[in-house]
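Reading through the C-alpha cells given below for one structure.
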There are 2 protein chains.
Amino acid sequence: MEMDNKIELSEDIKEMARITKAMGHPVRLYILQKLSRMNACCYSGDLVDELPVGRSTLSQHLKELKYAGLIQGEIEPPYIKYCLNRENWKKAKEMFHQLFNADQEL
Amino acid sequence: MEMDNKIELSEDIKEMARITKAMGHPVRLYILQKLSRMNACCYSGDLVDELPVGRSTLSQHLKELKYAGLIQGEIEPPYIKYCLNRENWKKAKEMFHQLFNADQEL
DNA sequence: TTCCTATTTCGCAAAATAACGAAATGATAA
DNA sequence: TTATCATTTCGTTATTTTGCGAAATAGGAA
C-alpha cells in the first residue's frame, strides 16, 4: 500500500486560488463590486470615507488586489485613480464560469 | 472634516466573502472542481491519495468547505461520501455571475 | 524653498490559517 | 469482545493575514 498517486496541483488551479483568495475579504469584494459597476473608477480617499477601515489598512487591501492583477492604479496627482484591470477581470470571469458550469460541458 | 459616511458592510457581501475565502485555496478549489464535474462525489480516501496533503489536513479542508456550505458529507460506513451542496453551489454561481456581469445590467 | 495633501510603507500586535502526527471516534468484521 | 478501517479531532508549530498609528514619500501650491 501507500501508492504514489499524488499529483502536483496545476499552475492553473494555483493561479485561480490566488485570485480567489484576493477576492475573499469583504472590503476587497466591496471594492471590486463597486469598480465593476459601470466603468467606475475610484480614489483611495473615497473608499476610506465609506469603508470601516483606516487608510493604511485600505492601502494594503488595494495593494493585494493590485498584486492579484484585479485592479490597477493610475497616478493622477494628488490622487491615485483605481480601476478594474479589465483584461484580468475578464480572465477571472471565465475561470469562474468554467468552474460553475463544468457540469454542463461535454 | 472627518464626516461619518462609513458604511457597515452588508451581510450579503460578508457572506460572499466567506464563500470566496473558503474557495481560495488550491486544495479546496481542486475538490470543488472535481465535484462540480458531472454529479461526481468522492471519498476522503480518494482525495488523500491524489492530493499532496496528509489525511488530517485534508479533513480540515473538507470541514471548511462544509462549513461554508459548499459541500456536504453523507455517512456511508465505513466511508463518508462528499458531494457538492447543489443548492448553495447554485447560489454561489449566481453571486459570482452578478459580480462579473454588474456592468451589463441596466 | 517650505507647506499642504493623498497615499503608501514601516513596525508592531493579535488573530487566523495551514500543516503535521498522534490520539480519538464510530462503525463493521472477526 | 477485540480488531480493523476510514475519518476526524487534538495539540502543536510555523506562517500569513488583518489591523492600526506613526513615519515616509511624492507631487503641486504658495
Side-chain angles (χ1 to χ4, degrees), chain A residues 1-3 5-9 13-14 16-32 34-35 41-68 70-83, chain B residues 1-3 5-9 13-14 17-32 35 41-68 70-83:
Chain A
M1 40 239 90
E2 191 58 52
M3 292 285 170
N5 302 319
K6 301 268 186 196
I7 58 167
E8 240 270 68
L9 289 162
I13 219 158
K14 286 185 194 166
M16 182 165 182
R18 266 192 293 275
I19 289 173
T20 308
K21 192 174 174 189
M23 295 171 64
H25 185 286
V27 165
R28 296 195 293 266
L29 215 40
Y30 178 93
I31 294 168
L32 292 172
K34 178 159 185 156
L35 294 183
C41 294
C42 66
Y43 303 96
S44 176
D46 302 338
L47 292 169
V48 87
D49 284 342
E50 50 189 298
L51 287 169
V53 287
R55 287 167 194 287
S56 58
T57 303
L58 177 64
S59 192
Q60 277 298 323
H61 286 307
L62 289 168
K63 189 178 173 181
E64 271 186 75
L65 289 173
K66 205 162 56 176
Y67 181 72
L70 294 168
I71 65 170
Q72 56 200 4
E74 293 168 54
I75 296 170
E76 213 177 63
Y79 302 99
I80 300 176
K81 186 167 86 175
Y82 284 102
C83 309
Chain B
M1 39 240 85
E2 192 55 56
M3 292 285 171
N5 301 319
K6 302 267 186 199
I7 59 168
E8 241 270 68
L9 288 162
I13 218 158
K14 286 185 194 164
R18 267 192 291 276
I19 290 173
T20 308
K21 192 173 171 186
M23 295 170 65
H25 185 286
V27 165
R28 297 196 293 266
L29 215 38
Y30 178 92
I31 294 168
L32 292 172
L35 294 182
C41 293
C42 65
Y43 302 96
S44 176
D46 303 337
L47 292 170
V48 86
D49 284 341
E50 52 189 296
L51 287 168
V53 288
R55 286 169 194 288
S56 57
T57 302
L58 178 65
S59 192
Q60 277 299 322
H61 286 307
L62 289 167
K63 189 179 176 183
E64 271 186 76
L65 289 173
K66 205 162 57 177
Y67 182 73
L70 293 168
I71 66 171
Q72 55 199 4
E74 292 169 55
I75 295 168
E76 212 175 63
Y79 302 98
I80 299 176
K81 186 168 86 175
Y82 284 103
C83 310

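If you're wondering where the values come from, they're calculated on a predicted model, not measured in any experiment. As a basis for the values below, the full set of heavy atoms in this structure was taken, side chains included, without hydrogen atoms, waters or symmetry mates. Proteins come first, then strands; the chains are lettered A, B, ... in the order of their sequence lines, and each starts at number 1.
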Practice item. Indicate, with a heavy-atom threshold strictly under 4.0 Å, whether T57(A) touches base, sugar-phosphate, or nothing. Key: base

Check your understanding: Closest heavy-atom contact between P26(B) and L9(A)?
Key -> CB-CD1, 3.7 Å

Check your understanding: Between atom OH in Y67(B) and atom P in dT9(D), what is the gap in whole Å?
Key -> 14 Å

Practice item. Grab the two heavy atoms, one from V53(A) and one from K6(B), that are nearest each other, plus how far apart they are. Key: O-NZ, 3.4 Å

Point to revise | Nucleotide dT7(D), atom P - distance to NZ of K63(B) in whole Å | key: 16 Å

Practice item. Provide the closest heavy-atom pair for S44(B) versus L58(B) in the form atom of the first, atom of the second, distance. Key: O-CD2, 3.3 Å

Review point. L35(B) and C42(B): which non-hydrogen atoms are nearest, and at how many Å?
Key: CD2-SG, 3.6 Å

Point to revise | Heavy-atom pair with the smallest gap, counting every atom of K66(A) and Q72(A) | key: CG-CA, 4.5 Å

Review point. Do we see a donor-acceptor contact under 3.5 Å between the side chains of E76(A) and Y43(A)?
Key: yes

Review point. For the pair made of OH in Y43(B) and C1' in dT8(D), what is the distance, rounded to whole Å?
Key: 18 Å

Point to revise | Sugar-phosphate, base or nothing in reach of K21(B), heavy atoms under 4.0 Å | key: sugar-phosphate

Practice item. Would you mind reading off the distance between L58(B) atom CG and dT8(D) atom P, rounded to a whole angstrom? Key: 8 Å

Check your understanding: How about E74(B) and Y82(B): does a side-chain donor come under 3.5 Å of a side-chain acceptor?
Key -> no

Practice item. Using atom CG of L62(B) as one end and atom C1' of dT9(D) as the other, report the distance to the nearest whole Å. Key: 14 Å

Practice item. Could you check how far CZ of R18(A) sits from C1' of dT16(D), rounded to whole Å? Key: 15 Å

Check your understanding: Considering only dG21(D), dT9(D), dT7(D), which nucleotide approaches the side chain of S56(A) most closely?
Key -> dG21(D)

Practice item. With a 4.0 Å heavy-atom cut-off, tell me which residues in residues 75-82 of chain A come close to DNA chain C, sorted by residue number. Key: P78(A), Y79(A), I80(A), Y82(A)

Practice item. For E64(B), report the nucleic acid contact type (base, sugar-phosphate, nothing); a contact means any heavy atom under 4.0 Å. Key: sugar-phosphate

Practice item. Identify whether any heavy atom of V53(B) sits under 4.0 Å from a base atom; if not, whether one sits that close to sugar-phosphate; answer base, sugar-phosphate or nothing. Key: sugar-phosphate

Exercise for review: Provide the start and end nucleotides, 5' to 3', of the part of DNA chain C that has atoms under 4.0 Å from heavy atoms of chain A.
Suggested key: dA6(C) to dT9(C)

Point to revise | Over all atoms of both residues, closest heavy-atom pair of L70(B) and A22(B) | key: CD1-CB, 4.4 Å

Practice item. Using a cut-off of strictly less than 4.0 Å, decide whether H61(A) has a side-chain nitrogen or oxygen near OP1 or OP2 of dC20(D). Key: no

Review point. Taking for each residue the nucleotide of DNA chain C with the nearest heavy atom, is it S44(A) or P52(B) whose nucleotide lies nearer the 5' end?
Key: S44(A)

**Study point:** R18(A) and E64(A) ion-paired at < 4.0 Å
**Key:** no

Exercise for review: Determine: side-chain N/O of R55(B) to OP1/OP2 of dT9(D), distance under 4.0 Å, yes or no.
Suggested key: no

